[in-house]
Protein chains: 2
Amino acid sequence: MDVHSDIPRSRRERPAKPALTREGIVAAAVELMRAEGMQKVTMRRLAQELDTGPASLYVYVRNTAELHAAILDELLGIIEPVPAEGDWRGRLEKLLTSYTAMLFEHPGLAQSALVARPSGKHYLNLIETLLALLAEGGVPSGQAAWGVDVLLQYATATAAEQATRDLTVNAQDDWDALTRALHGASDRTHPHIATLATELLSGTPQVRLSWGFHLLINGILHTPVPPARSNA
Amino acid sequence: MDVHSDIPRSRRERPAKPALTREGIVAAAVELMRAEGMQKVTMRRLAQELDTGPASLYVYVRNTAELHAAILDELLGIIEPVPAEGDWRGRLEKLLTSYTAMLFEHPGLAQSALVARPSGKHYLNLIETLLALLAEGGVPSGQAAWGVDVLLQYATATAAEQATRDLTVNAQDDWDALTRALHGASDRTHPHIATLATELLSGTPQVRLSWGFHLLINGILHTPVPPARSNA
DNA sequence: ACCTGAACACCGTTCAAGT
DNA sequence: ACCTGAACACCGTTCAAGT
């Protein structure tokens with residue numbers, strides 16, 4: 001009955017076709033993102049990659065947002081571990097910079113990351129490491145607990161801003177418009193902008209990011225959280 | 001020839017149809033957003049509202065991103081002006097809270113705001129006011145110039161996070177998953193999370209937002225910017 | 001019971017062909 | 001010169017009907 005019995009079964013199928021499981025789907029999604037960018041990771045395109053219809057994916061993934069969250073957690077698994085030596089501030093900044101760099105490499109993922117409420121195992125590991133570093137620095141635990149959110153949000157939002165700017169064709173136009181608007185501000189109506197136009201536009205993204213991390217760490221150290229009110 | 005000559009011309013047209021100008025398009029977009037939410041403000045839907053085809057809008061608006069940016073600047077025009085009395089920190093926080101509240105009322109706009117590089121007049125006014133308040137507080141100008149970006153980014157990102165959480169049906173599920181993940185963390189593998197699970201999840205959005213503003217203001221005050229390197 | 005083809009209800013953007 | 005109908009190339013999600 002089997003007309004193909006002389007051909008090994010494995011040769012008759014597309015060699016790289018992953019099994020249709022949640023793991024296989026997420027793995028294929030990551031592969032597709034690496035190959036063609038986040039904007040191509042759609043349910044339809046991914047289904048095509050897996051030789052099936054989009055409806056089939058909904059058996060394993062609730063929706064596009066959940067798929068993106070799964071990709072994010074996968075990517076969190078590959079950010080380089082923080083070195084064991086050095087002062088806690090330097091190591092903290094290194095970890096946050098690695099996180100941001102990972103999002104920079106995958107424009108589009110950052111925007112999902114901002115909205116997604118991740119809860120995967122790699123995300124938990126990241127939170128744990130951040131808390132450990134803040135504890136090592138003597139940051140009071142309440143401030144550390146709320147601080148990790150702010151640190152990750154800052155890193156994520158910065159990547160999302162920058163990422164989309166790289167992607168968009170009109171990025172330069174927008175930047176030019178802002179530059180003109182700031183430098184062209186009248187010192188009668190906008191005296192502070194007129195005085196600070198250069199400073200407002202100065203600094204490379206890297207230097208600004210680093211300054212932001214320092215600012216946040218200083219702020220977290222110096223800002224007590226309000227006393228809990230019937231919340232425990 | 002004109003069979004309608006006995007009916008005033010104005011009565012034969014849809015009463016509220018704005019002229020097809022950039023201003024008219026943006027005004028209609030704002031109206032549509034108020035009536036049906038940002039997710040309905042698409043080129044196609046907006047064109048329909050203006051009794052034309054989507055292609056016509058491209059004569060006045062470069063793309064969807066630019067349309068969203070225009071809406072944002074329009075909305076910035078209605079945030080309540082900062083009161084003249086009180087200490088600068090209190091007034092600064094009030095202004096930032098108004099800004100955030102505006103974005104909260106229009107879920108979806110916040111996400112555009114994060115990516116858009118606005119340069120409209122209302123945006124300039126906001127920057128000017130923020131710089132004035134920081135100057136009043138004696139913040140060194142370099143720190144103030146970079147600080148306004150961080151303050152607005154924090155406010156915008158927080159609104160974007162929260163806004164999407166309100167919109168999404170599965171928001172509660174995501175939250176539950178995170179709660180379970182944090183409270184279920186093993187104190188062998190994730191000792192800090194296990195200890196701080198309650199603190200990590202504590203605080204209303206309002207209290208967290210306010211704490212974040214304090215932390216940022218403290219950080220901006222205490223963190224000098226690096227010396228300019230051949231950038232001026 | 002599990003899976004999915006086909007449909008529903010949309011998108012942004014372009015460009016040839018009109019007036 | 002200015003405007004736009006129609007087309008191109010896509011989306012996410014659902015559900016009835018298959019195996």
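Every value quoted in this text rests on a predicted model; they were computed, and no experiment measured them. Every chain is numbered from 1, with letters handed out A, B, ... down the list of sequences.
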Pairwise 5' ranking along DNA chain D for A:Thr42 and B:Pro54, keeping only the more 5' one: B:Pro54

Derivation of the side-chain contact (heavy atoms from CB on, under 4.5 Å) call for A:Met33 and A:Met38: CA-CA 5 Å; A:Met33 180 197 64; A:Met38 195 65 176; 3.8 Å; yes

Residues which pass side-chain contact (heavy atoms from CB on, under 4.5 Å) with A:Glu199, listed by chain and number, not counting sequence neighbours: A:Leu196, B:Ala145

Approximate separation, where rounding is to 0.5 Å, of B:Leu133 CG and B:Glu128 CD: 10.0 Å

For residues 151-158 of chain A, run the donor-acceptor check on the side chains, cut-off 3.5 Å, and write out each pair with its distance to 0.1 Å, sequence neighbours left out.
residue	atom	partner	partner atom	Å
A:Gln153	NE2	B:Thr158	OG1	3.1
A:Tyr154	OH	A:Arg208	O	3.3
A:Thr156	OG1	A:Tyr99	OH	2.7
A:Thr156	OG1	A:Leu152	O	2.6
A:Thr158	OG1	A:Tyr154	O	2.8
A:Thr158	OG1	B:Gln153	NE2	3.1

Any donor-acceptor N/O pair, B:Gln39 side chain to B:Gly108 backbone, under 3.5 Å: no

Atom P, compared across C:dA9 and D:dA9: separation rounded to whole Å: 24 Å

DNA chain D: 5'-proximal contact among A:Arg45 and B:Val59 (nearest heavy atom): B:Val59

Non-neighbouring partners of B:Asp187 that pass side-chain contact (heavy atoms from CB on, under 4.5 Å), sequence neighbours left out: B:Ala194

Electrostatic pair B:Arg22-B:Glu66, nearest N-O below 4.0 angstrom: yes

Non-neighbouring partners of A:Glu80 that pass salt bridge (charged side-chain N to carboxylate O under 4.0 Å, His left out), sequence neighbours left out: none

Stems formed with participation of DNA chain C [Watson-Crick or G-U wobble, under 3.5 Å, three or more pairs]: C:4-8 with D:12-16, C:12-16 with D:4-8

Nucleotides bounding contact with chain A, strand DNA chain D, heavy-atom threshold 4.0 Å: D:dC11 to D:dC15

Nearest-Å distance once atom C1' is located in both D:dT14 and D:dG18: 16 Å

